[in-house]
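Take a look at the structure below.
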Amino acid sequence: MEFFGVDLLDLWHGRLSLRRIGVLIRSLMNKPGRSTLLVAMDERAKWPESDYMLARVSDALELSNFLFLKANLPEEEADPLELPPPIPRPGEPEPPQASPEQFSDARELNNFFGRLNSA
């Protein structure tokens, strides 16, 4: 009703057909901007185009800084540098996260705290 001035109750009153509803829904999918229907059907619609462009610019800037550092640092310092992770975007799978570090066992903790107490 917001965009087309059509009331869905007209379907039950016989003034609106299912075909017409399908046409209206397809045209809603092609409208610029965000809508609840589009977000429910495609998660990528949560962000407007400007947010996607800003994320891309940010990713490119971080990559540019990384490449600048990689080219201008001595080789020993440049080797441990890692590529910056891209900004997560809605509707895209999250990158796999590194497994957490191994925790110390009881013997290592006892030795560590024992050295702290003896100092």
Side-chain angles (χ1 to χ4, degrees):
M1 185 145 184
E2 180 180 351
F3 291 108
F4 305 111
V6 175
D7 190 2
L8 285 179
L9 287 176
D10 288 344
L11 178 66
W12 284 270
H13 296 290
R15 294 186 292 253
L16 187 64
S17 68
L18 288 175
R19 181 181 176 282
R20 178 73 178 144
I21 290 176
V23 169
L24 294 176
I25 289 173
R26 276 193 293 282
S27 66
L28 273 178
M29 297 293 291
N30 294 327
K31 281 196 169 296
R34 298 179 292 172
S35 70
T36 306
L37 173 67
L38 190 56
V39 169
M41 296 180 81
D42 186 3
E43 239 182 83
R44 293 174 294 170
K46 286 183 180 178
W47 279 11
E49 287 297 316
S50 60
D51 287 355
Y52 279 103
M53 291 183 347
L54 283 172
R56 185 165 178 181
V57 168
S58 175
D59 289 344
L61 183 62
E62 287 183 0
L63 180 62
S64 173
N65 289 339
F66 168 79
L67 293 174
F68 178 81
L69 288 173
K70 197 81 162 163
N72 291 306
L73 283 176
E75 196 170 316
E76 307 84 42
E77 294 178 29
D79 283 341
L81 288 178
E82 294 182 13
L83 275 169
I87 293 176
R89 292 157 172 85
E92 293 182 3
E94 292 186 20
Q97 298 198 0
S99 60
E101 294 182 19
Q102 205 55 309
F103 292 109
S104 300
D105 61 2
R107 184 176 36 82
E108 290 174 330
L109 285 173
N110 192 19
N111 290 339
F112 175 76
F113 287 117
R115 279 184 271 139
L116 284 177
N117 286 336
S118 64

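If you're wondering where the values come from, they're calculated on a predicted model, not measured in any experiment.
More than 12 heavy atoms of other shown residues, nucleotides or ligands fall within 6.0 angstrom of atom CG in Leu9.
Contacts of Asp105 classified as side chain to side chain contact (heavy atoms under 4.5 Å, CB included), with partners at least two apart in sequence or in another chain: Arg107, Glu108. With sequence neighbours excluded, no residue forms a side chain to side chain donor-acceptor pair (under 3.5 Å) with Arg20.
Applying the salt bridge (charged side-chain N to carboxylate O under 4.0 Å, His left out) test to pairs two or more places apart or on separate chains, those with a residue in residues 58-87 are Asp59-Arg89.
Between the CG atom of Leu63 and the OG atom of Ser58 there is a distance of 11.0 Å, given to the nearest 0.5 Å. Distance check, rounded to the nearest 0.5 Å: CD1 of Ile87 to CG of Leu54 gives 8.5 Å.
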Run the numbers on Val6 and Ile21 for side-chain contact (heavy atoms from CB on, under 4.5 Å), then give the verdict.
-> CA-CA 9 Å; Val6 175; Ile21 290 176; over 6 Å; no
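Distance alone, capped at 3.5 Å, places no donor-acceptor pair between the Asn110 side chain and the Ala106 backbone.
Residues Val23 and Leu11 do not share a hydrophobic cluster, defined by chaining ILVMFWY side chains whose heavy atoms lie under 4.5 Å apart. In the hydrophobic clustering of ILVMFWY residues, with side-chain heavy atoms under 4.5 Å counting as a link, Leu61 and Phe68 come out apart. Using a 4.5 Å cut-off between side-chain heavy atoms of Ile, Leu, Val, Met, Phe, Trp and Tyr, with links allowed through other members, Val57 and Leu67 fall into different hydrophobic clusters.
Pairing each heavy atom of Trp47 with each of Pro88, the nearest pair is CH2-O, 3.4 Å.
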